[in-house]
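Structure first, then comments.
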Amino acid sequence: MGKRRRVDERRSKRRPAVVGGMVAVVVGGAGIGVYALFGGAAADAGTAARLKPVVKTGPLSETEVTTAARTFLTAWQQGSVARAAAATDDATAAAALLSGYTEDAHVSDVTLTAGKRTGDKVAFSVTGTVTYKKVSKPLAYDSALTVVRRAKDGRATVDWHASVVHPDLSDGDTLVTGEAGNPPVKALDRDGGEITAAAYPSLGTVLDGLREKYGKKAGGTAGVELRVVRGKASKAKKASDKTLLEFSKGTPGTVRTTLSPTLQAAAEQQVAKTARASVVVLRPSTGEILAVANSSHGFNTAFNGSLAPGSTWKVAVSSLLIEKGLASADKVHPCPKTFTYGGWKFHNDDDFQIKGGTFKASFARSCNTAFVSQAGELGNDSMTKQAQQVFGLSMNNWAIGVPSFDGSVPVQSAAQMAASLIGQGGVRMNPLNMASVSATVKSGTFHQPYLVSPSVDHRTLATASRTMSASTLSQLRELMNYTAAYGTAAEAMSGLGPDDGAKTGSAEVDGQSKPNGWFTAYKGDLAAAGVVQAGGHGGDTAGPIVAALLRMGG
């Protein structure tokens, strides 16, 4: 007993260890006794606070970024999925995709080479071998990762997204090597010429969509390939599976499209001049899609984008106001500097006003307050019904031949409803939708746009339940014609008259220093619309692109 007491006494006299200038204390089961001794939670909380580890915050250092990237890439290259996944901020998702990279995509002999670091982002190259049924093919591509500081412990980790593994992957997508789900297709333009992504870079996603829709129907046979299989989130965004590497091509079926080789080539050239530009050209009398092009080729903004259309949406809104007797082309219409509705104060560009001006003048100059001021006279669902019943939009039933988004005009109230009257709020469109709006005005009747004739697969095209009255249609054409001749679209549309019409638009987007520039117009039996994201005013950015294409058919 005595010896034990001396041992206990000696232990009690030991000094606590000092680590890095701080006292390190080991707490075991005695914590309960401490809690009881000091009488409750306050003392326990204080003890916990003293023991809480310091979590590093602030910007990442160069060393932290390069070390985190090296740790992840080294583990991945060595085939250690668990270690690689642990070096990310989502170990579960990372482990699943990295395991599938080997087991489902059959990629082996992976070599990862780190490249240039730019801030918290590190580029790297990937080489490997894909082997399927004793046949091997080399694989090589570039990717990148971003390092972030994990909030819970301050550790520098890889910000996990599927695109780290391959840039064509979105979160939820997978890589698979095997027999393709759909046979390949040979797509033809309206003149019978073959369409390829090499000739028309914007059509890569369109070709993927045609294959998904018509691969089996066109009579082809599937080959073996490494491909991106889209997950639920990507499917919801209308993304199609994508081939990355072919082992055997299969036998393609043939699908004829409505695309004009001349207009398609011109559209590609036009959008290539400007970053983040997209455009669509239609034939108003039929709805045939003649051209579609995007500066960025990874996502088809022209067909699948969901963007606020800004003042180009005033074309559809004007049809409603005229029908309701709230506006008339040549009647005086208010255009004050500002107008408050639902607690929001709406402004015109540079707070301009038009004193004693007509509705035509307000439309041509794109006066926001002329439209917002009529919100109190409309029902919350008025614009939704107009979009659906007259313009065939926002019903999720377009069947153009490839995945597309046919606009959204939700029922809104108060300030949001007022904002929807100037193409903001919850209204969402893309160039395909806004080209269709101009086409409806030109033809007088909504014709659902299509890329593949419905006779190919006997699908049913969307319809609108009614048309505008002759008076409304006449005034709407007058508004667009006046804007093309004397309004904000005049410079872009110069020389295209007299049977043309146009409307410009600018849509504010959070986080962008410049608005998205929109332009929609028609000339003869052509209608087109375009957007330049973060480009500025539509007349200066998207306008020249659209007008150049209309001139070709004018």
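Since the model is a prediction, treat every value here as computed from it, not as a measurement.
Phe519 meets the ring pair (Phe, Tyr, Trp, His ring centres under 6.0 Å) test with no other residue; sequence neighbours excluded. For Gln424, the side chain to side chain contact (heavy atoms under 4.5 Å, CB included) criterion is met by Ala308, Ala419, Ile422, Ala507, Glu508, not counting sequence neighbours. Under the ring pair (Phe, Tyr, Trp, His ring centres under 6.0 Å) criterion, Phe299 pairs with no residue, sequence neighbours left out. For the ring pair (Phe, Tyr, Trp, His ring centres under 6.0 Å) test, residues two or more places apart in sequence or in another chain that qualify with Tyr101 are Trp76. In this structure, Glu179 has no side chain to side chain donor-acceptor pair (under 3.5 Å) partners at least two apart in sequence or on a different chain.
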Exercise for the section: Assess whether side chain to side chain donor-acceptor pair (under 3.5 Å) is satisfied between Lys314 and Ser366, documenting all intermediate values. Expected result: CA-CA 8 Å; Lys314 290 174 183 175; Ser366 208; 3.1 Å; yes

Practice task
Determine, stepwise, if the pair Phe124 / Thr113 fulfils side chain to side chain contact (heavy atoms under 4.5 Å, CB included).
Solution key: CA-CA 5 Å; Phe124 62 94; Thr113 305; over 6 Å; no

Problem - Stepwise side chain to side chain contact (heavy atoms under 4.5 Å, CB included) test for Val409 and Met429 - result: CA-CA 9 Å; Val409 188; Met429 297 285 150; 3.6 Å; yes

Practice task
Please lay out, stage by stage, how Trp160 and Val165 fare under the test side chain to side chain contact (heavy atoms under 4.5 Å, CB included).
Solution key: CA-CA 9 Å; Trp160 182 254; Val165 170; 3.5 Å; yes

Practice task
Assess whether side chain to side chain contact (heavy atoms under 4.5 Å, CB included) is satisfied between Arg276 and Ser296, documenting all intermediate values.
Solution key: CA-CA 6 Å; Arg276 303 180 71 188; Ser296 176; 5.9 Å; no

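Under 3.5 Å, the side chains of Ser240 and Lys235 contain no donor-acceptor pair of N or O atoms. Side chains of Ser311 and Lys503: a donor-acceptor N/O pair is absent below 3.5 angstrom, by distance only. When only modelled atom types and interatomic distance are considered, Asn348 and Thr369 share a side-chain donor-acceptor pair under 3.5 Å. If you check the side chains of Ser278 and Asn294, you find a donor sitting under 3.5 Å from an acceptor. No side-chain donor from either of Ser234 and Lys237 sits under 3.5 Å from a side-chain acceptor of the other.
Checked by atom type and distance alone, the side chain of Thr257 never pairs as donor or acceptor with a backbone atom of Leu451 at under 3.5 Å. At distances below 3.5 Å, not a single donor-acceptor pair connects side-chain atoms of Gln78 with backbone N or O atoms of Ser80. The main-chain N or O of His347 is found under 3.5 Å from a side-chain atom of Asn368 such that the two form a donor-acceptor pair. Checked by atom type and distance alone, the side chain of Thr177 pairs as donor or acceptor with a backbone atom of Ala105 at under 3.5 Å. When atom types are taken as modelled, the side chain of Thr243 and the backbone of Leu245 share no donor-acceptor pair closer than 3.5 angstrom. In this structure a side-chain-to-backbone donor-acceptor pair under 3.5 Å is missing from Ser163 to Leu169. Put simply, the side chain of Asp159 never gets that close to the backbone of Val147: no donor and acceptor are under 3.5 Å apart. A distance-only check finds a donor-acceptor pair linking the side chain of Ser295 to the backbone of Thr274 [under 3.5 Å]. For Asn430 (side chain) and Phe303 (main-chain N/O), a donor-acceptor pair under 3.5 Å exists by modelled atom type. No donor-acceptor distance shorter than 3.5 angstrom exists from the side chain of His537 to the backbone of Gly539, with no hydrogens or angles considered.
For the pair Lys133 and Phe247, the minimum side-chain heavy-atom distance is 4.5 Å or more. Counting heavy atoms from C-beta outward, Met383 and Val317 have side chains that approach closer than 4.5 Å. Using a 4.5 Å heavy-atom threshold, the side chains of Asp168 and Leu244 count as touching. Thr312 has its side chain out of reach of Thr504: every pair of non-hydrogen atoms, C-beta onward, lies at least 4.5 Å apart. At least one side-chain heavy atom of Asn433 sits under 4.5 Å from a side-chain heavy atom of Leu393. For the pair Leu259 and Ile195, the minimum side-chain heavy-atom distance is below 4.5 Å. Considering only heavy atoms from C-beta on, Thr102 stays 4.5 Å or farther from Ser108 through its side chain. With contacts defined as side-chain heavy-atom distances shorter than 4.5 Å, the pair Asn396/Asp406 qualifies.
Below 30°, between 30° and 60°, or above 60°: for Phe346 and Trp344 the angle between ring planes is between 30° and 60°, a tilted geometry.
Arg149 has a carboxylate O that lies under 4.0 Å from a charged side-chain N of Glu64, or vice versa, which qualifies the two as a salt bridge. Under 4.0 Å is where a charged nitrogen must lie from a carboxylate oxygen, and between Asp208 and Lys213 no such pair does.
Minimum heavy-atom separation, Gln77 to Val110: CG-O, 3.2 Å. Between Thr131 and Ser136, the shortest heavy-atom contact is OG1-OG, 2.9 Å. Between Ala162 and Asp171, the closest heavy-atom pair is N-OD1, 2.8 Å. Taking every heavy atom of both residues into account, Trp518 and Ala542 meet most closely at C-CB, 4.0 Å. The two residues Ala293 and Ser202 come nearest to each other via the heavy atoms CA-OG, 3.4 Å.
Contacts classified as salt bridge (charged side-chain N to carboxylate O under 4.0 Å, His left out) and involving residues 224-233 (residues at least two apart or in different chains) are given here: Asp173-Arg230, Arg211-Glu225.
Annotation: Lys217, atom NZ; neighbour count of heavy atoms from other residues, nucleotides and ligands within 6.0 Å is above 12.
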